[in-house]
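Structure first, then comments.
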Amino acid sequence: MVSKSIDGVVIELAEGDIVDQPEFDAVVNAANAELMPGGGVAGAIHRAAGPALAEECRPLAPIRPGECVITSAPGLPNRHILHCLGPVYGLDTPEAELLASCYRQALEIADGNGLASVAFPAISTGAFGYPMQPAADIAITTVAETASRLDHVTRVRFVLVGSGAFDAHREALERVDDSAG
């Protein structure tokens, strides 16, 4: 694990499984527009949570790229799930602004709900085709820039799959200034 503190928020990087983050108040779902089970992160979260999550999500859908909504986390050890719809690379534009919006909105919603810790996957980098290094740069920079405005969130973890994702996020974290906000 690698970590860095920026404006009172510890940003951690770890390889692992997004549904196995019991010490976090919320995990982030890389959701689809309908907030329903799918592949990748959305599939894993919905499988772990069971059908109660789909029922809770139904009235909140659809959401647009860059948007985030919050639900409880049935079947998971966390209090909440933050569902973000990342951009499809090359289709939803401007990609960078929409991806940054996912991270910013998730943190703002978590903070507004008094949550202290949030675990993110690498949003949009799977089936949505966002190249890993630019996605990692946007994710880390957005969290760092948002950190100074957070009252409750003090810990953010990026839960990454594979050494390529981990290395891209580590490089992005190394480049960000300790007082980015």
Side-chain angles (χ1 to χ4, degrees), residues 1-32 35-58 60-61 63 67-86 99 102-127 132 135-136 139-140 142-144 146-147 149-170 172-173:
M1 180 154 13
V2 172
S3 68
K4 185 178 216 177
S5 182
I6 297 174
D7 284 328
V9 175
V10 175
I11 301 173
E12 304 173 350
L13 310 178
E15 286 191 60
D17 187 342
I18 195 70
V19 299
D20 187 24
Q21 304 300 314
E23 68 274 25
F24 283 78
D25 292 336
V27 293
V28 175
N29 178 17
N32 53 59
L35 305 175
M36 289 293 116
V41 172
I45 286 178
H46 276 273
R47 278 191 300 279
L53 180 59
E55 287 304 311
E56 189 175 346
C57 286
R58 193 169 272 101
L60 302 175
I63 64 172
E67 291 183 341
C68 180
V69 295
I70 189 170
T71 65
S72 68
L76 295 177
N78 318 94
R79 291 171 44 201
H80 294 283
I81 300 169
L82 294 152
H83 306 266
C84 294
L85 179 56
L99 186 56
C102 287
Y103 289 100
R104 190 170 34 258
Q105 282 193 31
L107 290 171
E108 290 168 351
I109 291 169
D111 204 58
N113 281 275
L115 306 182
S117 55
V118 179
F120 284 99
I123 298 170
S124 284
T125 61
M132 186 60 72
I140 297 291
T142 303
V143 171
T146 306
R149 298 190 306 273
L150 301 173
D151 295 320
H152 301 285
V153 176
T154 58
R155 187 175 176 207
V156 172
R157 177 180 288 169
F158 288 92
V159 181
L160 306 161
V161 178
S163 60
F166 185 87
D167 290 345
H169 284 76
R170 180 183 43 75
L173 188 60

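All values reported here derive from a predicted model rather than from experimental measurement.
Put simply, the side chain of Q21 never gets that close to the backbone of V27: no donor and acceptor are under 3.5 Å apart. Side chain of Y103 to main chain of F120: no donor-acceptor pair is present (N/O by atom type, distance under 3.5 Å, no hydrogens or angles). Looking at D17, its side chain does come within 3.5 Å of a backbone N or O of V19 through a donor-acceptor pair. Without hydrogens or angle criteria, H169 side chain to V159 main chain gives no donor-acceptor distance under 3.5 Å. A donor-acceptor pair under 3.5 Å is absent between the side-chain atoms of D25 and the main chain of R79, judged by distance alone.
The side chain to side chain donor-acceptor pair (under 3.5 Å) search around T71 returns H83, not counting sequence neighbours. For R47, the salt bridge (Lys or Arg N to Asp or Glu O under 4.0 Å) criterion is met by no residue, not counting sequence neighbours. Among residues two or more places apart in sequence or in another chain, the salt bridge (Lys or Arg N to Asp or Glu O under 4.0 Å) test is passed with R104 by none. Take D20 and apply the salt bridge (Lys or Arg N to Asp or Glu O under 4.0 Å) test, not counting sequence neighbours, and it matches no residue. Residues that satisfy the salt bridge (Lys or Arg N to Asp or Glu O under 4.0 Å) test with E55, not counting sequence neighbours, are R58.
For residues 150-159, the salt bridge (Lys or Arg N to Asp or Glu O under 4.0 Å) pairs, not counting sequence neighbours, are E12-R155, E12-R157, E23-R155, E23-R157.
With rounding to the nearest 0.5 Å, the separation of CG in N78 from CG in L115 is 10.0 Å. Put simply, SG on C102 and CG on L107 are 11.0 Å apart, with the number rounded to the nearest 0.5 Å. Between the SG atom in C57 and the CD1 atom in I63 there is a gap of 9.0 Å [rounded to 0.5 Å]. Separating the CG atom in L13 from the CG atom in D167 is a distance of 10.0 Å, to the nearest 0.5 Å. Atom CG of N29 is separated from atom CG of L76 by 10.0 Å, given to the nearest 0.5 angstrom. Going from atom CG of L85 over to atom OG of S124 covers 7.5 Å, rounded to the nearest 0.5 Å.
Using a 4.5 Å heavy-atom cutoff, the side chains of E108 and D111 are not in contact. Side-chain contact check for V28 versus P121: some heavy-atom pair is nearer than 4.5 Å. In this structure the side chain of V69 never reaches within 4.5 angstrom of the side chain of E67, judged on heavy atoms. V9 has its side chain out of reach of T154: every pair of non-hydrogen atoms, C-beta onward, lies at least 4.5 Å apart.
In plain terms, the two heavy atoms of A119 and I18 that are nearest each other are O-CD1, 3.6 Å. Closest approach of P74 and E56 over heavy atoms only: CD-OE1, 4.3 Å. What you find for L160 and A122 is that their closest heavy atoms are CD2-CB, 4.1 Å. Of all the heavy atoms in C68 and L82, the pair that sits closest is SG-CB, 3.9 Å. Between V41 and A30, the shortest heavy-atom contact is CG1-N, 3.5 Å. When every heavy atom of V118 is checked against every heavy atom of A110, the shortest pair comes out as CG2-CB, 3.6 Å.
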Practice prompt. With side-chain contact (heavy atoms from CB on, under 4.5 Å) as the test, would you mind laying out the steps for L173 and F158 before giving the verdict?
Written response: CA-CA 11 Å; L173 188 60; F158 288 92; over 6 Å; no
